[in-house]
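One structure is given below, encoded as structure tokens.
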2 protein chains.
Amino acid sequence: MRRAGAELDWPALVALQPAAGLIPERLRKHTRRIDAHPGETLFRIGDPVRCVYLVIAGEARLIRRDRKGGEVILQRSRGGFIAEASLDVRAYHCDGIAAEQSMLLLFPAGEFHRALDEEPSFRKAWHAHLASEVRTLRAQCERLCLHGAAERIAHYIEAEGTDGVVTLTQSRKSWAAELGLTHEALYRALRRMQDAQTLVVDGNRLASRR
Amino acid sequence: MRRAGAELDWPALVALQPAAGLIPERLRKHTRRIDAHPGETLFRIGDPVRCVYLVIAGEARLIRRDRKGGEVILQRSRGGFIAEASLDVRAYHCDGIAAEQSMLLLFPAGEFHRALDEEPSFRKAWHAHLASEVRTLRAQCERLCLHGAAERIAHYIEAEGTDGVVTLTQSRKSWAAELGLTHEALYRALRRMQDAQTLVVDGNRLASRR
DNA sequence: CGTACTTTTGAATCGCATCAAATCTGGTGG
DNA sequence: CCACCAGATTTGATGCGATTCAAAAGTACG
């Protein structure tokens with residue numbers, strides 16, 4: 001399940017996930033690889049933060065459970081870092097799981113900090129990454145403040161898609177959760193929008209009209 | 001309205017707003033001060049990003065307007081940076097306004113970047129700040145995904161308060177907007193919670209029971 | 001004292017959540 | 001290949017809670 005950093009094939013990793021290319025040489029030496037099964041727990045809320053995680057393949061999620069057992073997705077990463085905001089705190093504030101069969105790279109937090117200090121280009125990339133995460137989250141808050149399923153769908157296509165077209169990378173059910181809706185409400189809203197000619201659905205491709 | 005950086009009284013600024021203490025010497029020379037009226041626009045969506053803003057007193061907000069003229073608050077800052085995530089992009093993705101009479105410091109983006117490169121402690125503080133913003137926003141998304149006004153209120157007190165007690169720094173009306181509710185729904189939920197003994201309200205002090 | 005805004009309550013409506021169930025889908029093992 | 005299963009997708013009926021529209025009372029400020 002875990003392999004030493006020395007034997008990792010970095011060119012192949014970068015091909016799979018461009019973000020791996022940002023990792024500077026000195027940090028590569030300290031990298032471990034993990035292959036996780038669907039549903040496997042990566043870390044739990046309260047665990048001390050020892051590593052930074054980079055998703056190379058598959059999907060990792062940050063989740064939190066409410067008292068009723070309901071599950072809220074706080075972050076969903078298909079390629080790229082996950083739980084980046086935990087780098088500066090002692091313990092995780094949510095659970096991390098692999099949503100499907102996934103490959104991840106682990107960087108020791110201490111070495112990661114050292115690399116940030118010593119590699120300006122890596123630091124800039126990390127800055128940009130954090131800032132982009134902030135913008136994405138703000139857009140999501142804006143979306144969740146909209147009333148009405150159709151408005152949230154339209155906002156999602158606008159924000160996450162290109163030229164009014166978005167390709168879903170998840171099931172509609174989990175998309176519904178991301179939109180703060182039940183899956184039934186999402187299905188019905190999609191149908192209404194198609195009937196009203198304001199949306200064209202082709203598998204996982206959604207195109208907004210007007 | 002605007003004063004040169006040379007004549008700024010930094011100890012006084014730091015007393016008003018601790019975050020000002022993070023600003024390294026070399027960046028202080030390039031700082032400008034702005035005093036903004038309630039409702040005054042600081043920057044508009046699409047404007048090129050030339051400065052980083054630090055709120056010393058009063059309140060600044062990032063807002064976006066939907067087609068119906070509705071206003072969504074993306075960020076609310078009473079002391080501390082605002083629009084931090086724009087440092088790495090060319091243009092603002094939302095409007096910035098002063099919500100009340102406010103004092104702000106402006107740092108030229110280029111000098112700010114240089115300071116980040118050259119001052120490790122400043123860089124660490126900035127990192128921590130961005131990461132903290134990410135965690136706050138994730139908590140807000142989690143909150144907005146809750147159904148039911150009472151649940152959002154309880155979550156807010158849990159996340160933003162200490163030991164089940166929070167002091168509001170805004171009107172209930174704008175708090176309602178932050179919670180993704182109409183103000184009527186918020187007022188009614190607050191009353192129901194008081195009637196049910198799950199909440200004690202004392203002016204702007206809200207204490208959650210159980 | 002008047003104006004603008006927030007706070008508060010009321011009544012009617014609408015949309016989403018909820019519960020239920022049928023169908024479809026992909027994947028597993030016989 | 002087919003039977004089977006778990007999960008996603010889809011549709012239906014019902015009730016609740018939030019929105020909406022309306023209006024009164026309270027509050028801050030010039």
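Proteins get letters first, then strands, A, B, ... in listed order; numbering begins at 1 in each.
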Nearest-Å distance, [atom1] ([X]) to [atom2] ([N])?
X: Glu151(B); N: dC16(D); atom1: CD; atom2: P; value: 17 Å
X: Asp195(B); N: dT8(C); atom1: CG; atom2: P; value: 13 Å
X: Leu168(B); N: dT6(C); atom1: CG; atom2: C1'; value: 14 Å
X: Glu100(A); N: dG7(D); atom1: CD; atom2: C1'; value: 15 Å
X: Leu190(B); N: dT9(C); atom1: CG; atom2: C1'; value: 14 Å
X: Gln194(B); N: dT8(C); atom1: CD; atom2: C1'; value: 12 Å
X: Glu184(B); N: dA22(D); atom1: CD; atom2: P; value: 12 Å
X: His147(A); N: dA17(C); atom1: NE2; atom2: P; value: 13 Å

Which atom pairs link the protein and nucleotides 24-28 of chain C when you take only N or O atoms and keep those under 3.5 Å?
none

Exercise for the section: Using a 4.0 Å heavy-atom cut-off across all strands, classify Ala189(B) as base, sugar-phosphate, or nothing. Expected result: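 It contacts nothing in the nucleic acid.
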Practice task
Classify the nucleic acid contact of Arg192(A) as base, sugar-phosphate or nothing, counting any heavy atom under 4.0 Å across all strands shown.
Solution key: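 The answer is sugar-phosphate, as Arg192(A) gets under 4.0 Å only of primed atoms, P, OP1 or OP2.
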Practice task
Check for a donor-acceptor pair, side chain of Arg64(B) on one end and backbone N or O of Leu74(B) on the other, with a separation under 3.5 Å.
Solution key: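 No; zero donor-acceptor contacts below 3.5 Å.
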Problem - Identified side-chain contact (heavy atoms from CB on, under 4.5 Å) partner of Thr31(A) from the options Leu105(A), Leu106(A), Leu54(A) - result: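 Only one option passes, and that is Leu105(A).
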Handout entry: Min side-chain heavy-atom separation Gln140(A)-Leu144(A) under 4.5 Å
Key =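 Answer yes - side chains close enough.
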Problem - Sub-4.5 Å side-chain heavy-atom contact between Leu181(B) and Arg152(B) - result: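 They are in side-chain contact.
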Handout entry: Nucleic acid contacts of residues 170-183 of chain B, taken as heavy-atom distances under 4.0 Å to DNA chain D
Key =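 Close to the strand are Gly180(B), Leu181(B), Thr182(B).
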Problem - Separation of Leu22(B) CG from Trp126(B) CH2 (nearest 0.5 Å) - result: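 With rounding to 0.5 Å, CH2 (Trp126(B)) is 10.0 Å from CG (Leu22(B)).
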Exercise for the section: Can you measure from CG (Asp163(B)) to CD1 (Ile157(B)) and round to the nearest 0.5 angstrom? Expected result: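 Reported value, rounded in 0.5 Å steps: 12.5 Å.
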Exercise for the section: Using distance alone, with no hydrogens and no angle criterion, decide if Glu178(A) and Gln170(A) have a side-chain donor and acceptor under 3.5 Å apart. Expected result: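 Yes, because at least one side-chain N or O of Glu178(A) sits under 3.5 Å from a partner of the opposite role on Gln170(A).
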Handout entry: Five-pair end axes of the helix from dC1(C)-dG30(D) to dG30(C)-dC1(D), angle between them (10°)
Key =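 It works out to 50° between the end axes.
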Handout entry: With Thr182(A) via side chain to side chain contact (heavy atoms under 4.5 Å, CB included) - residues at least two apart
Key =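 Residues passing side chain to side chain contact (heavy atoms under 4.5 Å, CB included) with Thr182(A): Glu184(A), Ala185(A).
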Handout entry: side chain to side chain donor-acceptor pair (under 3.5 Å) against Ser132(A), all qualifying residues, sequence neighbours excluded
Key =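 Scan of Ser132(A) (side chain to side chain donor-acceptor pair (under 3.5 Å), adjacent residues dropped) gives none.
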Practice task
Just jot down the side chain to side chain donor-acceptor pair (under 3.5 Å) partners of Thr169(B), sequence neighbours excluded, or say none.
Solution key: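 Scan of Thr169(B) (side chain to side chain donor-acceptor pair (under 3.5 Å), adjacent residues dropped) gives Arg76(B).
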Practice task
Between protein and nucleotides 25-30 of chain D, map the contacts as a letter string: B base, S sugar-phosphate only, - none, heavy atoms under 4.0 Å, written 5' to 3'.
Solution key: ------
Practice task
Please check the phosphate of dT10(D) (OP1 and OP2 only) for any side-chain N or O of Tyr187(A) closer than 4.0 Å.
Solution key: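 Result: no.
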Handout entry: Lys/Arg-Asp/Glu bridge criterion (N-O < 4.0 Å) met for Arg143(A), Glu160(A)
Key =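 Yes.
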Let me check something: any side-chain donor-acceptor pairs from residues 78-102 of chain A under 3.5 Å, sequence neighbours excluded? List them with distances.
{"unit_1": "Arg78(A)", "atom_1": "NH1", "unit_2": "Glu59(A)", "atom_2": "OE1", "d": "2.7"}
{"unit_1": "Arg78(A)", "atom_1": "NH1", "unit_2": "Glu100(A)", "atom_2": "OE1", "d": "3.1"}
{"unit_1": "Glu84(A)", "atom_1": "OE1", "unit_2": "Arg138(B)", "atom_2": "NH2", "d": "3.1"}
{"unit_1": "Glu84(A)", "atom_1": "OE2", "unit_2": "Gln75(A)", "atom_2": "NE2", "d": "3.2"}
{"unit_1": "Glu84(A)", "atom_1": "OE2", "unit_2": "His129(A)", "atom_2": "NE2", "d": "3.1"}
{"unit_1": "Tyr92(A)", "atom_1": "OH", "unit_2": "Cys51(A)", "atom_2": "O", "d": "3.2"}
{"unit_1": "Asp95(A)", "atom_1": "OD1", "unit_2": "Ile45(A)", "atom_2": "N", "d": "2.7"}
{"unit_1": "Gln101(A)", "atom_1": "OE1", "unit_2": "His37(A)", "atom_2": "ND1", "d": "3.4"}
{"unit_1": "Gln101(A)", "atom_1": "NE2", "unit_2": "Ala36(A)", "atom_2": "O", "d": "3.3"}
{"unit_1": "Ser102(A)", "atom_1": "OG", "unit_2": "Glu59(A)", "atom_2": "N", "d": "3.0"}
{"unit_1": "Ser102(A)", "atom_1": "OG", "unit_2": "Glu59(A)", "atom_2": "O", "d": "3.3"}
{"unit_1": "Ser102(A)", "atom_1": "OG", "unit_2": "Glu100(A)", "atom_2": "O", "d": "2.7"}

Dump the pairs, protein N or O against N or O of nucleotides 13-15 of chain D, anything under 3.5 Å, distances to one decimal.
{"unit_1": "dA13(D)", "atom_1": "N6", "unit_2": "Arg188(A)", "atom_2": "NH2", "d": "3.3"}

Practice task
Please name all residues satisfying salt bridge (Lys or Arg N to Asp or Glu O under 4.0 Å) with Glu111(A), sequence neighbours left out, ordered by chain then number.
Solution key: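 For Glu111(A), the residues satisfying salt bridge (Lys or Arg N to Asp or Glu O under 4.0 Å) (neighbours in sequence not counted) are Arg114(A).
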Handout entry: Geometric class of the Phe122(B)/Phe112(B) ring pair [parallel <30°, tilted 30-60°, perpendicular >60°]
Key =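 Geometry flag for Phe122(B) against Phe112(B): perpendicular rings.
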Exercise for the section: Only pairs at least two apart or in different chains count here, so list each ring pair (Phe, Tyr, Trp, His ring centres under 6.0 Å) that has a residue in residues 132-185 of chain A. Expected result: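 Residue pairs with at least one partner in residues 132-185 of chain A: Tyr156(A)-Trp175(A).
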In a table with atom names and distances, give each donor-acceptor pair under 3.5 Å that connects a side chain of residues 186-203 of chain B to protein atoms at least two apart or in another chain.
{"unit_1": "Gln194(B)", "atom_1": "NE2", "unit_2": "Leu190(B)", "atom_2": "O", "d": "3.4"}
{"unit_1": "Thr198(B)", "atom_1": "OG1", "unit_2": "Met193(B)", "atom_2": "O", "d": "3.2"}

